[in-house]
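Here the structure comes first, spelled out in structure tokens, and everything after it is commentary.
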Amino acid sequence: MLDIVYIRNNPQEVSEKLARRGFDIDFTEFLEADAKRRAMMHENEELKAERNRKSAEIPMIKKEGGDISQWTESLRQLSDRIKENDIMVNKMTEEQQEFLRGIPNIPADDIPAGGKENNEIVSVWGEPMPVDAAVKNHVDLVESTGMIDYERGVKLSGSGYWIYRGAGAVLEWALLNYFVYDHLNDGYEMMLPPHILNYSCGYVGGQFPKFEDDVFQLRGGGDEFQFLLPTAETALTNIHADEILSEDELPKKYFAYTPCYRKEAGSYRAEERGMIRGHQFNKVEMFQYTRPEDSEEAFEELVRKAARLVEGLGLVHRISRLAAGDCSAGMRKTYDIEIWIPSMQIYKEVSSVSTAGDYQARRGNIRYRRADTGKVDFCHTLNGSGLATSRIIPALVEQCQQSDGSIVVPEVLRPWMHGIEIIRPLAEGNV
RNA sequence: GGAGAGAUGGUCGAGUUGGAUGAAGGCACCGGUCUUGAAAACCGGCGAGGGUGCAAGCCCUCCGCGGGUUCGAAUCCCGCUCUCUCCGCCA
């Protein structure tokens with residue numbers, strides 16, 4: 001949610017900045033309605049003041065034994081008028097809120113305008129392997145080594161689900177451990193939140209109402225529903241909703257491990273078969289609540305952390321600065337960490353680091369009190385995957401494969417691999 | 001699933017025969033006195049949102065959420081949500 005005062009004072013500037021992300025908006029009508037609403041509100045407040053004043057006199061008149069019947073009659077009329085006005089003001093306010101809710105965040109000035117095609121590559125780490133007939137794709141690799149059981153995953157649940165098993169499950173878990181320990185070392189607090197959230201969490205996170213249909217909804221009969229979280233960000237954003245934090249507890253640095261549940265409705269492209277896109281995948285999510293003046297630095301920190309995790313695995317990757325139109329609606333700026341998938345000859349996102357500025361904080365009413373002035377102000381919120389595994393494993397098995405179809409486990413994961421250093425193909429008929 | 005109790009400001013907690021009070025008191029926090037320093041003690045300050053104003057200020061709204069009764073609701077009535085206790089069930 002944008003600051004209405006800011007829009008009021010700088011409508012032109014806001015429109016221009018939003019245009020950078022391809023969002024066309026004209027505030028003329030909105031501001032007219034806003035002025036009308038405020039005038040109406042002001043008028044009604046004066047009526048209320050009058051009512052309060054006169055009502056307060058009644059007990060005194062009563063005490064002196066005076067007659068109050070004409071007072072109550074005129075006050076009843078006044079009250080009725082106030083009630084009518086209230087309904088109108090509420091309606092205007094509701095319309096205004098709805099309008100504001102539909103406006104995406106203002107993109108940061110230091111990111112390119114336009115859509116996906118304007119994304120910029122910030123840096124590249126490692127040398128992408130050339131196409132090679134000998135390179136096996138991850139689907140073949142994880143099946144031949146028995147790391148993933150696609151068939152039985154589908155049997156249990158349906159298309160888009162798989163089972164990590166044996167060395168595959170161990171590797172998956174080792175990755176998560178590797179991430180967890182890195183964040184603990186950096187002083188982040190670990191969270192294991194509920195996976196089922198209420199409607200309001202989806203709203204504050206910025207996903208609802210637009211993406212209501214992209215999550216798995218759990219309906220209990222009411223209008224509002226609970227849902228399986230599509231990312232731990234949705235939980236972490238809401239932890240401090242409706243709270244006023246004190247300045248000295250900022251920045252708050254959290255991370256959470258959860259599976260992420262997404263409908264991913266729509267057809268799968270053939271090249272995305274495998275683990276690239278599933279209905280359920282594991283992810284460790286980093287999150288920070290900061291003072292406004294610290295969010296830029298926090299953003300850099302999150303990007304650095306995400307990239308360093310991939311680097312630690314020794315996997316070829318790059319960092320992209322997303323163009324305004326490619327950032328999700330609630331975000332001012334997003335950098336993606338993308339990992340090289342040799343069989344597909346493309347980079348795929350394994351982490352998306354974003355800063356929301358105060359956009360989410362306004363929706364969730366997340367504030368802090370400044371120590372110097374004693375005033376409250378909105379926090380800034382930032383989030384970043386650190387990391388999602390579902391694209392790491394494909395990249396890992398492909399980048400770490402040997403000519404015999406075995407996979408060398410990266411050094412950093414060994415402490416959690418129960419002695420497995422090389423994952424070898426199963427014998428024929430052993431699947 | 002059944003029965004009962006409750007929801008007040010950062011926190012604890014008064015206030016429920018409707019009116020003088022955004023709300024006693026304690027704690028926390030901030031400023032000051034005292035002290036070599038700290039603690040203690042004492043004095044003072046201390047909710048949020050909105051409107052208006054250069055400002056001091058003034059006004060409106062908010063006692064879980066939504067509605068109702070009333071000239072007037074934290075207080076009465078209805079609905080909802082959540083929490084707690086007891087019973088039942090049980091991975």
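Chain A is the first sequence line, chain B the second, and so forth, proteins listed ahead of strands; every chain is numbered from 1. Side chains included, hydrogens not; waters and symmetry mates left out as well; all remaining heavy atoms used.
For A:P112 against A:N118, the heavy-atom pair with the smallest separation is CG-O, 3.4 Å.
Atom CG in A:N90 sits roughly 20 Å away from atom P in B:G49 (whole-Å rounding). Rounded to whole Å, the distance from NZ on A:K54 to C1' on B:A20 is 20 Å. Rounded to an integer number of Å, the gap from A:D34 CG to B:G50 P is 13 Å. Across the protein-nucleic acid pair, A:N52 atom CG and B:G72 atom C1' stand 9 Å apart, rounded to whole Å. Counting to the nearest Å, the C1' atom of B:U69 and the CG atom of A:D80 are 13 Å from each other. Look at CD1 on A:I244: it is 16 Å from C1' on B:C30, rounded to the nearest Å. For the pair A:E50 CD and B:C60 C1', the interatomic distance rounds to 14 Å; values are reported in whole Å. Between A:M40 atom CE and B:C60 atom C1' the separation is 14 Å, expressed in whole Å.
Using bins of under 30°, 30° to 60° and over 60° for the plane-to-plane angle, the ring pair A:W416/A:Y178 lands in the tilted bin. Taking the six-membered ring where the residue is Trp, A:F255 and A:H183 present tilted rings, their angle falling between 30° and 60°. In this pair, A:Y261 and A:H195 present their aromatic rings tilted. The plane angle is within the 30 to 60° band.
A:T145 and A:R424 share no side-chain donor-acceptor pair at under 3.5 Å.
The C1' atoms of B:G57 and B:G10 are separated by 27 Å, rounded to the nearest whole Å. Comparing the P positions of B:A24 and B:U8 gives an interatomic distance of 15 Å, to the nearest angstrom. Rounded to the nearest Å, the gap between the C1' atom of B:G45 and that of B:G50 is 24 Å. B:G67 and B:A55 are spaced 34 Å apart, taking the P atom of each and rounding to whole Å. For B:G31 and B:C86, the C1' atoms lie 50 Å apart once the distance is rounded to whole Å. Nucleotides B:G2 and B:G88 place their P atoms 15 Å apart, quoted to the nearest Å. Annotation: B:G15 and B:G26 have their C1' atoms spaced 16 Å apart (nearest Å). Rounded to the nearest Å, the gap between the C1' atom of B:C34 and that of B:C43 is 11 Å.
Between A:N177 atom CG and A:D182 atom CG the span is 12.0 Å, to the nearest 0.5 Å.
Searching all strands for a Watson-Crick or G-U wobble partner of B:A74 with both distances below 3.5 Å returns nothing. In this structure B:G44 sits in a base pair with B:C30, meeting the Watson-Crick or G-U test at under 3.5 Å. Remark: B:U69 base-pairs with no nucleotide; criterion is Watson-Crick or G-U wobble with both hydrogen-bond distances under 3.5 Å. Summarising the base pairing, B:U16 is matched to no nucleotide, lacking a Watson-Crick or G-U wobble pair whose two defining distances lie under 3.5 Å. Judged by Watson-Crick or G-U wobble contacts below 3.5 Å, the nucleotide B:A5 has B:U83 as its partner. The partner of B:A38, taking Watson-Crick or G-U wobble pairs whose two distances both stay under 3.5 Å, does not exist in any strand shown. Judged by Watson-Crick or G-U wobble contacts below 3.5 Å, the nucleotide B:A91 has no partner. Across all strands shown, B:G57 forms a Watson-Crick or G-U wobble pair, both distances under 3.5 Å, with B:U52.
Looking at the side chain of A:A49, the nearest of the listed nucleotides B:C59, B:U52, B:G49 is B:C59. Side chain of A:L75, nearest nucleotide from B:G51, B:C71, B:A48: B:C71. The side chain of A:M41 has B:G51 as its nearest neighbour among B:C60, B:G51, B:C71. Residue A:I58 has its side chain nearest to B:G19 when only B:G50, B:G19, B:G72 are considered. Listed nucleotides B:G47, B:C71, B:U61 differ in distance to A:T72; the shortest reach to its side chain belongs to B:C71. Among B:U61, B:A48, B:C59, the nucleotide with an atom closest to any side-chain atom of A:K48 is B:U61. Relative to the side chain of A:R369, the nucleotides B:U61, B:C59, B:G47 differ in distance, and B:G47 lies closest. For A:K83, counting side-chain heavy atoms from C-beta on, the closest listed nucleotide (B:A48, B:C71, B:U69) is B:U69.
Contact annotation: A:R51 side-chain N/O to B:U61 OP1/OP2 distance is under 4.0 Å.
The cationic group of A:K305 lies under 6.0 Å from the six-membered ring centre of A:Y188 and within 45° of the ring axis, placing it in a cation-pi geometry.
Remark: A:E29 CD is loosely packed, at most 12 non-hydrogen atoms of other residues, nucleotides or ligands lying under 6.0 Å away.
Residue-level contact check: A:R8 touches the backbone only, with heavy atoms under 4.0 Å from sugar-phosphate atoms and none from bases.
Of the two residues near RNA chain B, A:E46 and A:R76, the one whose nearest nucleotide lies more 5' is A:E46. Both A:R38 and A:S79 lie close to RNA chain B; mapped to their nearest nucleotides by heavy-atom distance, the more 5′-ward contact belongs to A:R38.
A:E45 contributes a side-chain N or O that forms a donor-acceptor pair with the base of B:G50 under 3.5 Å.
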